[in-house]
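A quick write-up on the structure given underneath.
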Amino acid sequence: MLCLRLPLLRPKSTFPPSDFCYNYYQYKHIVGMARFSLDEISDTGAFVRSASTFRNWISRDPNSLFPPESGRYHLYVSYACPWASRCLAYLNIKGLDKAISFSAVKPIFERTRESDEYKGWIFPESETEVPGAEPDRFNGAKTIRELYEIASENYAGKYTVPVLWDKKLKTIVNNESSEIIRMFNTEFNNIAENPTLDLYPTDLKAQIDDTNEWIYDSINNGVYKCGFAKKQEPYNEAARQLYGALDKCEDILSKQRYICGNTLTEADIRLFVTLIRFDEVYAVHFKCNKKLLREYPNLFNYTKDIFQIPGISSTVNMEHIKLHYYGSHPSINPFGIVPVGPNIDYSAPHDRERFSA
Ligand SMILES: N[C@@H](CCC(=O)N[C@@H](CS)C(=O)NCC(=O)O)C(=O)O
């Protein structure tokens with residue numbers, strides 16, 4: 001089988017060869033190697049997200065190149081990004097915020113280099129330039145792009161957050177949020193303040209994997225497929241799948257507190273990061289307007305319930321979220337106007353205690 005080899009990484013990636021093949025099949029319909037999400041478009045006009053590149057694992061295995069040491073790793077995020085936010089949520093609820101540092105970039109994409117047009121994530125010049133964003137104190141980088149270039153000289157992929165950075169080897173450990181959260185769940189339990197919280201317990205693994213699959217495809221990535229579609233038909237199809245999946249969640253959540261039963265799991269954190277952005281951003285910016293989140297009583301109260309778990313609300317910076325989406329996609333919102341509403345209060349009372357564990 002023909003595989004597209006991605007540039008050699010330093011240190012060598014543990015990404016299995018079969019996944020490189022999967023990567024190739026994702027890329028093969030895309031013209032050239034897209035660096036912007038908005039360019040990841042197949043010839044049918046549909047948005048096709050490319051796979052992450054750095055896939056090393058922090059592991060308690062004695063031979064691991066990346067052992068779970070306190071103070072060694074740093075998580076670069078954008079508060080705007082749902083994928084990065086799920087890592088931040090894990091950092092807080094697992095009690096890893098003292099062992100693993102984090103910092104956020106500025107919310108709006110800017111030119112990253114004078115010699116080309118690529119716009120991406122930028123660090124602020126000072127602590128006070130943009131509240132919530134911090135300069136890069138480990139590498140003195142001006143952009144997330146620079147971190148990728150430090151980690152791999154011939155990197156040709158996208159410059160995405162989250163980035164899990166190894167301060168010791170000065171490289172990217174992993175830039176795939178679904179894997180970072182799995183590492184945070186298990187590999188740091190010797191130093192985590194909340195080691196007994198297991199969001200991917202053995203008896204629920206199959207159910208969580210299955211739930212993640214349809215929620216990722218139709219909801220987490222589904223809103224992007226609606227927003228980035230460049231033709232009517234793929235938009236219609238993405239919207240049909242999105243609302244089919246939201247209706248399914250509403251039905252499940254009318255019978256139980258969380259998406260995989262009455263226990264909080266990884267699947268809830270993954271769903272939450274999209275729901276919290278839904279009415280404020282996706283309903284308007286990504287044309288997900290068939291129904292608002294607050295028109296789904298169970299989904300809406302569920303979102304408030306997760307928001308109110310200690311450690312979650314501080315991962316939601318709605319100002320960064322709105323500034324980013326409305327301000328960083330000029331082909332969708334040419335003047336970068338940020339809508340005034342709806343300013344939903346997710347700390348308001350909810351009715352989810354009616355399902356007790
Ligand atoms: N597969 C990645 C996706 C991350 C991702 O797409 N991040 C976006 C922000 S939401 C990004 O950094 N985009 C930069 C760009 O498009 O240039 C993950 O889940 O970690």
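The first residue in the sequence is number 1, and the count goes up from there.
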May I ask you to check whether [X] and [Y] show a side-chain donor-acceptor distance below 3.5 Å?
{"X": "Y325", "Y": "Y282", "result": "yes"}
{"X": "T160", "Y": "Y148", "result": "yes"}
{"X": "R352", "Y": "N298", "result": "yes"}
{"X": "N175", "Y": "Y159", "result": "no"}
{"X": "N185", "Y": "E266", "result": "no"}

Has [X] got more than 12 heavy atoms of other residues, nucleotides or ligands less than 6.0 Å from its [atom1]?
{"X": "E295", "atom1": "CD", "result": "yes"}
{"X": "K290", "atom1": "NZ", "result": "no"}
{"X": "E129", "atom1": "CD", "result": "yes"}

Hey, could you give me the [atom1]/[atom2] distance between [X] and [Y], rounded to the nearest 0.5 Å?
{"X": "Q256", "Y": "F355", "atom1": "CD", "atom2": "CZ", "value": "8.0 Å"}
{"X": "L293", "Y": "E250", "atom1": "CG", "atom2": "CD", "value": "9.0 Å"}
{"X": "H285", "Y": "C226", "atom1": "NE2", "atom2": "SG", "value": "12.5 Å"}
{"X": "N174", "Y": "R55", "atom1": "CG", "atom2": "CZ", "value": "6.5 Å"}
{"X": "T265", "Y": "L204", "atom1": "OG1", "atom2": "CG", "value": "7.0 Å"}

Short N-O contact, [X] and [Y], less than 4.0 angstrom:
{"X": "D251", "Y": "K248", "answer": "no"}
{"X": "E146", "Y": "R113", "answer": "no"}
{"X": "D136", "Y": "K142", "answer": "no"}
{"X": "R182", "Y": "E187", "answer": "no"}
{"X": "E114", "Y": "R111", "answer": "no"}

*Looking only at heavy atoms, which two atoms of I191 and P68 are closest? And how far apart?*
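Smallest heavy-atom distance, with atoms named: CD1-O, 3.5 Å.
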*Which atom names give the shortest non-hydrogen contact between S78 and A84, and what distance separates them?*
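Nearest pair, atom of S78 first, then A84: O-CB, 3.8 Å.
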Same apolar cluster (I L V M F W Y, side chains within < 4.5 Å links), [X]/[Y]:
{"X": "L88", "Y": "V130", "answer": "no"}
{"X": "Y216", "Y": "Y224", "answer": "yes"}
{"X": "I312", "Y": "Y346", "answer": "yes"}
{"X": "F307", "Y": "I269", "answer": "yes"}

*Any chance you could lay out the salt bridge (Lys or Arg N to Asp or Glu O under 4.0 Å) test for K225 and D217, step after step, and finish with the verdict?*
CA-CA 9 Å; K225 289 194 252 179; D217 199 41; 3.2 Å; yes
I'd like to know if the side chain of [X] reaches the main chain of [Y], judged simply by a donor and an acceptor atom lying under 3.5 Å from each other, with no hydrogens or angles considered.
{"X": "T112", "Y": "Y118", "result": "yes"}
{"X": "R60", "Y": "T186", "result": "yes"}
{"X": "D279", "Y": "L292", "result": "no"}

_Criterion ring-ring contact (aromatic ring centres under 6.0 Å, His included) against Y76, the qualifying member of F123, F102, W121_ =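 Output: one option passes, namely F123.
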_Sub-6.0 Å ring centroid separation between Y155 and F54_ =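 Yes, close enough.
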_Test of understanding: with ring pair (Phe, Tyr, Trp, His ring centres under 6.0 Å), list the residues that count as partners of F272, not counting sequence neighbours._
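Checked F272 against ring pair (Phe, Tyr, Trp, His ring centres under 6.0 Å); zero matches.
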